[in-house]
Every structure is written in C-alpha cells, then in structure tokens.
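A short worksheet on the structure shown next.
No hydrogens, no waters, no symmetry mates; every other heavy atom, side chains included, goes into these values. What you see is a predicted model; the values in this text were computed from it and never measured. Letters A, B, ... mirror the listed sequences (proteins, then strands); counts begin at 1.
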Number of protein chains: 2
Amino acid sequence: MKAPILLLWLKKHSRNYKKYKGKDVQLAILFGGASFEHEISIVSAVTLKEKLTSFDLKFIFCDQDHQLYLIDAAKMKAKTFASGEYKKMPILTLGLKTFMHKKRLTTEKYTFTVLNLIHGADGEDGTVAALFDFYKISYIGPGTAASVFSYDKRYTKWLADSLGVKTLEFETAYANEVGPINTPLPFIVKPSRLGSSIGVSVVRKVSEIDYALDIAFEYDKSAIIEPFIEGVREFNLAGCKAGDEILFSMIEEPQKDDFLDFDKKYLDFSRSSTASAADLDEKTVAKFQHIFKRIYGNLFEGALIRCDFFMINDEIYLNEINPIPGSMANYLFDDFESVIKTLLMHLPVKSMPRVKYNYIHSINAAKGK
Amino acid sequence: MKAPILLLWLKKHSRNYKKYKGKDVQLAILFGGASFEHEISIVSAVTLKEKLTSFDLKFIFCDQDHQLYLIDAAKMKAKTFASGEYKKMPILTLGLKTFMHKKRLTTEKYTFTVLNLIHGADGEDGTVAALFDFYKISYIGPGTAASVFSYDKRYTKWLADSLGVKTLEFETAYANEVGPINTPLPFIVKPSRLGSSIGVSVVRKVSEIDYALDIAFEYDKSAIIEPFIEGVREFNLAGCKAGDEILFSMIEEPQKDDFLDFDKKYLDFSRSSTASAADLDEKTVAKFQHIFKRIYGNLFEGALIRCDFFMINDEIYLNEINPIPGSMANYLFDDFESVIKTLLMHLPVKSMPRVKYNYIHSINAAKGK
C-alpha cells in the first residue's frame with residue numbers, strides 16, 4: 001500500500017486517525033538489553049532515529065543490569081553507551097501504566113507507548129513483552145507466546161509444522177549429551193536460541209564438527225543442525241497486521257555469501273536506504289504472502305516481523321521468524337513511517353478478566369460468615 | 001525419597017544445607033492475579049500456609065489490577081480478599097532484586113525468594129516468570145517458555161509430540177471462524193488456555209455442540225476438541241528436579257465423575273491430607289516416571305509440576321501439565337516440606353551475558369573517534 005492510499009484508508013477506517021495525523025506521534029524506542037545482541041540493538045535504535053523523523057521519539061536504554069535510562073535524543077550515538085556516559089542520564093522505573101523518574105522531591109511520570117527494539121535475550125524471549133503486559137504498557141513487539149516460538153529455532157519448527165508450513169529438517173545437539181549426528185555433510189550449526197548469526201557455522205568436513213558445536217554451545221545449551229544447501233535462494237518479507245489486513249513489505253532477495261556472519265549482519269542492522277524488490281512474478285509474491293499470513297496469524301498481533309525464507313525447487317521453506325527485525329526492516333517498506341503509525345493504531349487490546357469472589361462468598365455464606 | 005534419607009542426601013550434596021537446616025527458611029507465596037483462577041489461588045495459598053509450618057512464610061497478594069500487597073499472615077483468610085480488606089495493607093513495588101514498601105520518609109526493602117502460586121493467567125502464562133527474571137528475583141515456578149507450553153493446551157500437544165509422548169488427538173475451533181467438527185461424538189470441549197476445568201464441557205449430542213463452544217469461547221478465542229472416553233483411567237504424578245535427580249510424588253488415581261467441574265476442583269485446591277497411592281506395579285510406576293522425566297526435561301527446571309495422564313489399553317497419554325498445581329500438589333508427597341526445601345536449594349541460576357562494546361569500539365577506532 002503506497003502512502004496516499006494508506007492515508008485515505010486510515011481516514012476511512014480509524015477513529016484514531018486524528019490522533020496520529022500530526023507530526024507528533026509519541027513513541028519510546030526501548031533498546032539495549034542483557035543480550036549478546038546488545039550492540040546491534042543500539043545500532044538499530046540509532047537507525048530508527050533517522051527513519052522516524054516525523055515522530056516525537058523518546059529513547060529508553062536497558063543496560064546489562066536491567067536498569068532503564070531515559071536517553072537525551074541528542075546523545076543517541078553508539079559512543080554514549082560504549083563510554084558509560086548514559087549513566088548520567090535519568091533512571092526510569094516502572095509503575096502501572098507509567099515510567100517514572102524520581103527526582104529529589106518529586107517524581108516525573110510518563111505514559112509512553114513503546115517500540116520494543118531489544119534484539120535477542122530480554123527483547124525477543126518474552127521478557128519485555130511480559131513485563132509490559134504486567135504493567136499494562138502498550139508496545140509494538142511480539143507478545144510472550146509469539147516470542148517463545150520465534151526465539152527458539154526448535155519451537156519455530158513446531159509452529160511451522162502445525163501450520164503446514166515447510167521448514168528444513170533438523171536435529172538437536174545438546175552441550176551435556178554428546179551423540180551421533182545424522183545430518184549428512186555439509187550442514188549448518190546454530191545455537192537454538194540466538195539470532196543475528198551469532199555462533200553459527202557451516203561444517204563441510206568431519207574435522208570441523210567439534211569446533212562448530214563448541215562455538216554454538218558458547219551461546220546456548222543446545223544447537224540445531226540443518227542441511228546446508230549450497231547457493232540456496234533466500235527471500236525476506238516483512239509485515240504487520242492492521243485490523244484484518246496485513247501490510248506487507250516488498251520481498252527482497254538479500255545478497256550474501258554462504259550466510260551473513262555477525263560483522264556483516266552488524267552493518268545490516270544500520271540499513272536505512274530502501275532495498276530493491278526481488279524479481280518475482282505476482283503468483284510467487286502471493287505465495288510468499290500467503291505463507292507469511294499463516295505464520296503471523298493472531299500470534300504475532302502487535303508486532304512487525306520479518307520472515308526469512310528459502311526457495312528450493314520452487315518450494316518455499318521458512319528459515320526463521322525475526323519478531324523484532326534489525327532496524328525494524330525499515331528498508332523493505334516504501335513508506336515505513338506510515339506503516340508504524342498504522343500499526344500503532346491497531347495494537348492489540350489486552351482484556352483482563354474481572355475478578356469476582358462468588359465462590360468465596362458462597363462458601364462463607366454456607367459457613368454462616 | 002523418605003524424609004530421613006532426603007536429609008542425609010541433602011547433607012551430602014548441598015553446600016546450602018546449613019542455610020536450610022533450621023526452621024526458618026524464608027519464602028514468599030505470591031497469589032491472586034488477574035485470572036479466572038484468582039479465587040482458587042487464594043484457596044491454594046491458605047492451604048500452603050497450613051502445610052509449610054516450618055517455613056518463615058511471607059504472603060504477597062496480586063490484585064486484579066496488578067497491584068502487589070504484603071499480607072499479614074494472621075489475615076490469610078479468603079474473607080480478607082473478598083471484602084477488600086487487603087487494600088489497607090502495605091503496597092509492594094518491584095526493584096532490581098527487591099520488593100519495596102514505601103513509607104512516608106523511608107523505603108523498606110525485602111529480598112524474598114518467591115513461590116509463584118498464581119494459577120492461570122499471569123502466573124502460568126509466563127508473565128510472572130518474565131517479571132521476576134527481569135528483576136532478578138528467584139522463584140519456584142515455571143519459566144517463560146515452560147509456561148507458554150503448559151498454558152496453551154495446543155502447545156502442550158506440540159511439546160509432547162516432539163518428545164514422543166502420546167496425547168489424545170485433537171482439533172481446534174475458533175470463535176471467529178465456524179467450521180465443521182471432525183471429532184466423533186462424544187467429545188470434550190476445552191478453552192485452549194485455561195486450567196481448573198473452567199469452561200470445559202462434555203458433548204454427547206449434536207444439539208449440545210453450540211452451547212459447549214459458546215461456553216469455551218467465553219474464556220478464550222479458541223477451544224480444543226478431544227474425543228471423550230467414557231470411564232478412562234486418570235493418573236496424576238507430581239515432581240520437581242533437584243540437581244540431576246527428580247523428586248517424584250506418589251501416583252494418585254483421582255476419584256472423579258466424568259471430569260472435575262469447577263466447584264469440585266475448587267475444593268480440590270484446598271486438599272491438604274496425604275492421598276493414597278494408586279495400586280500400580282513397579283514397572284508401571286517406572287513407566288509413568290520415565291514419561292514425566294521426558295516432559296520435565298530442562299524446560300521445567302525450578303518448577304514443581306503435576307502431570308495428569310490417561311491410561312488407555314495399557315498405554316500412557318499425557319492429558320495436561322500443571323506447572324503450578326493446586327496447593328502445589330502437597331497431598332501427593334509424604335514429606336512436602338522437604339521437597340520444597342530441596343527445590344529451593346536447586347533453583348536454576350540464570351546466567352546473563354556480559355555486554356561488551358567490541359564492535360562499537362572497533363568501528364569508532366576505524367572512524368578515528
């Protein structure tokens with residue numbers, strides 16, 4: 001959907017249109033986290049600052065000890081964090097529906113909607129989702145269950161299986177239990193629960209197996225092993241649900257070597273210029289979108305996700321789900337700001353059961369209390 | 001393991017033995033929650049107060065708005081909550097590794113290890129786990145991923161499948177998408193994500209289907225449908241991991257009608273007198289324990305769970321996993337207090353990656369900064 005059409009659609013469909021029409025949509029970017037992907041989260045956040053210029057952005061940094069800081073926008077540079085300078089900035093604590101900054105005599109309270117941009121642990125493992133659910137703070141990002149299914153590559157396979165979406169066959173290796181590997185060479189070894197290609201190796205010779213496993217086990221207690229298919233075509237598609245409809249990005253066929261290693265992916269996280277769409281016919285595009293929609297389902301409501309696919313003999317395989325893609329995959333969208341505004345208008349409303357004390361009352365009544 | 005043997009074992013294996021030898025192990029019971037099972041959580045907590053008399057117990061009540069209160073032990077009666085009297089008690093807020101009670105001029109800080117006893121939403125859906133993980137508060141209870149897999153009955157099936165553990169076949173019905181039901185009558189309809197038999201119906205006639213679905217959809221957007229097997233034998237087994245070993249409870253064959261409805265289950269949550277072990281031969285007991293161990297794996301570390309099984313033609317089927325069973329299934333253990341003390345000594349230590357700024361430093365160095 002291009003920008004003018006999107007705006008018309010918004011005008012027609014959303015009661016909140018007025019709220020978001022101006023150039024002052026407030027959004028707090030949460031980044032950092034106690035994660036191996038801490039640094040790339042910082043890079044992502046700096047990139048989003050450049051991409052969301054029509055927003056009134058706030059920046060919340062989560063340090064490795066889970067202390068939250070409100071970062072001055074002018075200080076949104078990697079150096080602020082690497083140098084420890086952030087420690088001079090206001091500490092934020094959480095309360096019901098609020099972030100609080102305690103001053104000497106008063107407490108400043110903020111009600112932010114948050115964009116969860118913590119990659120890896122904390123951000124993508126369900127911690128941040130549950131934290132904000134508990135405090136009733138609304139956020140862009142995967143919920144707890146969605147996080148669990150995308151964070152661990154084994155669980156992603158189970159999800160895909162249940163939806164009839166193809167994935168590569170795999171086996172699991174455990175750090176504390178050495179067993180034979182049945183996948184034929186060459187294969188790829190990945191820690192079960194990390195993103196960003198950290199700890200990933202391609203194994204072509206038997207002599208390389210132990211080293212590849214050791215590297216993976218540095219990051220997780222288990223690793224998955226998948227066949228490595230030379231020259232396999234890879235396609236990335238991002239999107240988010242707005243009402244009953246999914247706003248899709250273009251489909252990109254990323255240029256790559258065997259696979260992106262961490263250094264390259266690190267640069268990848270600062271991408272901000274629009275990508276080129278892969279050369280695919282309409283029918284194939286529709287096929288990718290159909291599979292994306294099945295995966296997204298209701299599970300990922302509230303999140304903008306990127307699905308990475310393989311194409312093998314014209315069949316589409318899900319490789320992985322990035323529920324918080326690097327710099328939110330901004331480069332895949334023609335009008336990224338409109339997409340984020342539309343998503344903000346359709347964040348899931350979490351209903352909580354109202355508690356009644358019927359049983360306790362009836363039991364006490366029976367006891368004559 | 002009987003009590004004296006357990007104590008010897010503790011003495012031998014645990015450095016923390018001294019810490020827990022006395023009669024003053026401090027433990028905070030967290031109960032309540034914004035959940036349909038709010039009331040039975042209160043009943044559970046009152047029951048545990050009677051069962052853990054050798055502990056120094058604290059009680060933390062989570063009301064339906066997620067406000068936490070420190071409850072005076074003398075006031076641990078259902079009436080305190082039903083009447084709203086709890087609102088006069090100290091409010092607790094969370095900080096890193098602490099619970100805080102703000103007074104007029106000072107702040108009282110507590111470091112509690114928590115037993116998560118919130119049944120259903122909040123407690124069993126991963127919210128409480130993630131909340132305490134974030135604040136680095138140690139707890140007895142399922143972690144985030146374990147919660148997600150036991151809270152939603154569909155995900156429990158996927159987990160069991162992947163472990164080679166049998167479950168009944170099922171299909172899913174969605175509130176917003178009416179389709180044909182393929183399971184032959186009689187069948188049982190359950191909301192996908194609730195425990196305690198809430199919203200569960202047995203359907204014997206076509207005319208009962210719509211009503212059963214309506215009831216289930218009052219509690220969740222989807223429901224699972226399973227064959228209902230008349231007179232099926234049910235067996236319950238609880239346990240928790242302590243080091244490399246699992247401390248198993250006895251196996252009980254609960255007396256039941258078709259299935260426990262909420263009223264009966266409500267009473268069930270206040271069970272405190274020791275049950276009778278089912279009449280099973282050693283080989284069958286070992287079979288149940290073997291399956292329990294597979295399910296528990298590493299996933300449920302830190303939790304005392306109860307698995308409910310069916311036995312059909314001598315084959316064992318997993319029915320459901322209760323990661324926070326009613327009153328912690330105390331009635332299935334000969335020496336419940338020792339089990340909880342042992343579990344406390346073996347709570348998983350969550351390692352968090354230390355953040356390094358290598359990439360940012362190297363990039364800044366390259367830029368000459």
| note | So, the part of Asp65(B) with a heavy atom under 4.5 Å from chain A: the answer is both
| With a 4.5 angstrom heavy-atom cut-off, which part of Ala145(B) approaches chain A: side chain, backbone, both or neither? | both
| task | Report the residues that fulfil ring-ring contact (aromatic ring centres under 6.0 Å, His included) with His66(B), sequence neighbours left out, ordered by chain and then residue number. | result | Phe134(A)
| query | Can you list the residues that meet the salt bridge (Lys or Arg N to Asp or Glu O under 4.0 Å) rule with Asp152(A), with sequence neighbours excluded? | reply | Arg154(A)
| query | Is the centre of the Phe36(A) ring less than 6.0 Å from the centre of the His119(A) ring? | reply | no
| query | Between Ser150(A) and Thr156(A), does any side-chain donor sit less than 3.5 Å from a side-chain acceptor? | reply | no
| note | The interface call for Ala34(A) against chain B, heavy-atom contacts under 4.5 Å, is both
| field | Aromatic contact, Tyr357(A) with Phe81(B) (centres under 6.0 Å) | value | no
| note | Turns out that what part of Leu159(B) lies under 4.5 Å from chain A's heavy atoms comes down to both
| query | Side chain, backbone, both or neither: which part of Lys356(B) has a heavy atom under 4.5 Å from chain A? | reply | backbone
| said: Let's test your reading of the structure: which of Ala129(A), Gly32(A), Gly126(A), Ser35(A) forms the most heavy-atom pairs below 4.5 Å with chain B? | reply: Ser35(A)
